[in-house]
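This is the structure I want to talk about, given as structure tokens.
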There are 2 protein chains.
Amino acid sequence: MTTPTTAHLLVVDDDMEIRQLLSDYLQQNGYRVSIAADGTAMQQMLKTANINLIILDIMLPGKDGLDLCRELRATSDIPIIMLTARGDDMDRILGLEMGADDYLPKPFNPRELLARIKGVLRRSGTLPHGHNHEINGNYRFNGWILDTSRRHLLSPTGTAVSLSSAEYRLLLAFVSHANRILSRDQLLDLARDRSSFAFDRSIDMLVSRLRHRLQDDTEQPEMIKTVRGEGYLFLPSVETVT
Amino acid sequence: MTTPTTAHLLVVDDDMEIRQLLSDYLQQNGYRVSIAADGTAMQQMLKTANINLIILDIMLPGKDGLDLCRELRATSDIPIIMLTARGDDMDRILGLEMGADDYLPKPFNPRELLARIKGVLRRSGTLPHGHNHEINGNYRFNGWILDTSRRHLLSPTGTAVSLSSAEYRLLLAFVSHANRILSRDQLLDLARDRSSFAFDRSIDMLVSRLRHRLQDDTEQPEMIKTVRGEGYLFLPSVETVT
DNA sequence: CTTTTTTATAACACTCTGTAACAACAGCTG
DNA sequence: CAGCTGTTGTTACAGAGTGTTATAAAAAAG
């Protein structure tokens, strides 16, 4: 590898040998690498280090990788590459759309892992980690502009649309997690006031109000699509503007 | 279920009633089933029969299920599904660490047990399974376009056709496994909501609804053809578009 | 040709979602 | 402080989505 990189990876696998092997290999290729044996160790690591990408084995003792992946997605946009056993039920896993950014069946060629890591980091724009509400600037989608400094929405025709504070937080959650199915619980985590413990159906109401602001049709949505039994999906491709 | 299988299961449970109930139910669903009341009977059975999968109650007189599981793992790779009391996460964790392949809390829906059995057998490489979904991109067939990022369908004339979630998942299963006969069970695995354990006949209904969306004639199908006794076949050649 | 098996679909039951209406509450104004 | 305004969660109910049952039609078997 010619280009130096400073990305910090976290390898989560219960097999010590694999953990060490991957860690060594990735370090040789210029990455900073931390390791964790299970979900709790992973959460611990995420608190103390600024992780750019997680490599997550789907088979883990206790909570499995799918659960962890879903939980992570509730609060974070850190890219995830899932490792699965070959011959495993990949169809099912992919169908679940847990929000992993890529999948790699074991056993794999280490160079392929490297390629995927590069690809995922490139696609994610190597965003800084953390909760969602940190970007200072504007988001643009379908001609609309969400102004995060003024907490303000501009329609494609340029007129200002006022948003209540809950509507703003919800829209921010959507634009910063676009093209991914978000469950009601995840949306509550992302959009609600810390102090409130709302019934998760209250998100429906908020979505309805936000759709109305965006003049989005429920039946043929251009922006917020309902995925029955799973949650909501923000369709437009979102551009961050500074 | 209709697909024949020759897997040989061993049910280990000290409760005679449960043993008999499970045995009957699993046999009705095409499995060969043997039973054992405790660890010694289990070991005896393993010597005399070629068992493909063990369903093991964690609560047993004498040596309990965890011990048996660990002993088995010392000498054998036979897949194990553990049955335990609901809500006991400790058991689940211990079971998985001891090498169980899956875990099912009692009381359970018998169909869920069937689903787990199928899943474990497939993962263990005993049964074949299909290829992978593409994660991103669109599919084109007969002029139709399935847009996976927006989860909707465009007709040859360019009009948007809305699909329900289940219809979308079924169509995705078809286009990503085109020109292959897919059994009802396979389609259920690929298309069902992960929390539901439906009868395989419910696929018929879904196919019927999807055909209607695609304006496909049942008698002279251009897309979804029925293969009597085997399942369904997606006829068009599918092109993946990015 | 009759019987049996399998499939297509209508009808139904049940679940999930959209939203109107209302209640509770906060902030503002006079 | 009363009264107004806007926000936000809850309740209620209509309507859409989905699995099951029932039944007729089609295909295979006898």
Side-chain angles (χ1 to χ4, degrees), chain A residues 151 153 161-171 173 181-185 187-188 190-221 223-233, chain B residues 1-4 109-112 114-115 151-153 161-171 173 181-185 187-221 223-233:
Chain A
R151 300 190 130 228
L153 182 63
V161 174
S162 71
L163 292 178
S164 77
S165 127
E167 287 162 2
Y168 171 80
R169 284 194 303 266
L170 179 63
L171 181 54
I181 298 176
L182 296 171
S183 71
R184 289 181 169 73
D185 276 348
L187 289 169
L188 272 178
L190 292 167
R192 79 174 159 204
D193 197 337
R194 307 268 182 283
S195 54
S196 108
F197 294 91
F199 189 40
D200 69 349
R201 290 275 276 116
S202 68
I203 280 292
D204 294 30
M205 210 44 241
L206 252 186
V207 166
S208 176
R209 286 165 180 153
L210 185 54
R211 275 178 173 148
H212 191 249
R213 299 276 198 207
L214 294 168
Q215 305 182 340
D216 205 25
D217 178 18
T218 307
E219 305 301 319
Q220 296 286 327
M223 288 176 266
I224 304 175
K225 183 172 177 76
T226 304
V227 182
R228 174 179 236 261
E230 306 196 45
Y232 295 96
L233 172 63
Chain B
M1 303 270 168
T2 55
T3 44
N109 180 334
R111 276 189 246 151
E112 180 162 5
L114 274 186
R151 300 185 135 234
H152 78 181
L153 182 64
V161 174
S162 67
L163 293 177
S164 76
S165 267
E167 288 162 2
Y168 169 80
R169 285 194 299 265
L170 179 63
L171 182 53
I181 297 176
L182 295 171
S183 71
R184 289 181 170 74
D185 276 352
L187 289 169
L188 269 179
D189 280 348
L190 293 168
R192 76 177 161 203
D193 191 319
R194 58 183 159 286
S195 56
S196 103
F197 298 91
F199 285 122
D200 61 355
R201 282 284 148 201
S202 68
I203 281 291
D204 294 30
M205 240 359 270
L206 253 185
V207 166
S208 175
R209 286 165 180 153
L210 186 54
R211 275 176 171 149
H212 190 250
R213 297 275 197 206
L214 294 167
Q215 305 180 335
D216 205 26
D217 179 18
T218 307
E219 307 301 319
Q220 299 286 326
M223 287 176 267
I224 304 175
K225 181 177 173 61
T226 304
V227 182
R228 188 188 168 82
E230 307 204 40
Y232 295 96
L233 173 62

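Since the model is a prediction, treat every value here as computed from it, not as a measurement. So that the names make sense, note that chain A is the first sequence line, chain B the second, and so on, each numbered from 1.
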Measure CD1/I224(A) against P/dT17(C) and give the value in whole Å, please.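 Rounding to the nearest Å, CD1 of I224(A) and P of dT17(C) are 15 Å apart.
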Let me know the distance between CD of E167(A) and P of dT7(D), rounded to the nearest Å.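 Checked: the CD to P distance equals 7 Å.
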Rounding to a whole Å, what distance do you find between R151(A):CZ and dT7(D):C1'?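 Interatomic distance, CZ of R151(A) to C1' of dT7(D): 14 Å.
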Is T218(A) close enough to dT19(C) that one of its side-chain N or O atoms is under 4.0 Å from OP1 or OP2 there?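 Affirmative; the distance criterion is met.
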Would you compute the distance between atom OG of S202(B) and atom CG of D204(B) and round it to the nearest 0.5 angstrom?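 Spacing of OG (S202(B)) from CG (D204(B)) equals 8.0 Å.
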Between R209(A) and dG18(C), is there a contact of a side-chain N or O with OP1 or OP2 at under 4.0 Å?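 No, because none of the side-chain N or O atoms of R209(A) sits under 4.0 Å from OP1 or OP2 of dG18(C).
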H212(B) NE2 to dT9(C) P, straight-line distance once rounded to whole Å: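 Distance, rounded to whole Å: 9 Å.
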Any sub-3.5 Å donor-acceptor pair from D200(B)'s side-chain atoms to R184(B)'s backbone N or O?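 Pair absent, no side-chain N/O of D200(B) close to backbone of R184(B).
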Under 3.5 Å: donor-acceptor pair, side chain of Q220(B), backbone of D217(B):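 Judged by distance alone, no pair lies under 3.5 Å.
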When the distance from OH of Y168(B) to P of dT18(D) is rounded to whole Å, what number comes out?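 One finds 14 Å between P of dT18(D) and OH of Y168(B), rounded.
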Within this structure, what is the CG-to-C1' distance between D204(A) and dG17(D), rounded to whole angstrom?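 My rounded result for the distance is 15 Å.
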dT8(D), OP1 or OP2 - any side-chain N/O from S165(A) closer than 4.0 Å?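 Looking at the OP1 and OP2 atoms of dT8(D), one of them is under 4.0 Å from a side-chain N or O of S165(A).
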Going through the distances and angles, do Q215(A) and V161(A) end up as a side chain to side chain contact (heavy atoms under 4.5 Å, CB included)? CA-CA 11 Å; Q215(A) 305 182 340; V161(A) 174; over 6 Å; no
Report yes if a side-chain nitrogen or oxygen of T226(B) is closer than 4.0 Å to either non-bridging phosphate oxygen (OP1 or OP2) of dT7(C); otherwise report no.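 So the side chain of T226(B) is outside the cut-off, no N or O lying under 4.0 Å from OP1 or OP2 of dT7(C).
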Atom-pair distance (CZ on R184(A); P on dC16(C)), nearest Å: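 In whole Å, dC16(C) P lies 10 Å from R184(A) CZ.
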Does S208(A) place a side-chain N or O at less than 4.0 Å from the phosphate oxygens OP1/OP2 of dT19(C)?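 Indeed, a polar side-chain atom of S208(A) lies that close.
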Across the strands shown, which category fits S202(B) at heavy-atom distances under 4.0 angstrom: base, sugar-phosphate, nothing?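 Base, at least one base heavy atom under 4.0 Å.
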Just checking R211(A): base, sugar-phosphate only, or nothing, at a heavy-atom cut-off of under 4.0 Å?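 Since only primed, P, OP1 and OP2 atoms lie under 4.0 Å of R211(A), the category is sugar-phosphate.
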Say you draw a straight line from CG of L171(B) to CG of L214(B); how long is it, rounded to the nearest 0.5 Å?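 Reported to 0.5 Å precision, the distance equals 6.0 Å.
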Atom pair CG/CD of L153(A) and E167(A) - distance to nearest 0.5 Å: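 Nearest 0.5 Å value for the CG-CD distance: 10.0 Å.
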List the protein contact pattern of nucleotides 21-30 of chain D with one symbol per nucleotide (5' to 3'): B for base contact, S for sugar-phosphate-only contact, - for none; contact means a heavy-atom distance under 4.0 Å. S-----BS--
Counting distance only, does the side-chain N/O of R211(A) pair as donor-acceptor with the main-chain N or O of I224(A) below 3.5 Å?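 Yes: the side chain of R211(A) pairs with the backbone of I224(A).
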Does dG18(C) have OP1 or OP2 under 4.0 Å away from a side-chain N or O of Y232(A)?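 Yes, within the criterion.
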Write down the distance between CD1 (I203(A)) and P (dT19(C)), rounded to a whole number of angstrom.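 Distance, rounded to whole Å: 15 Å.
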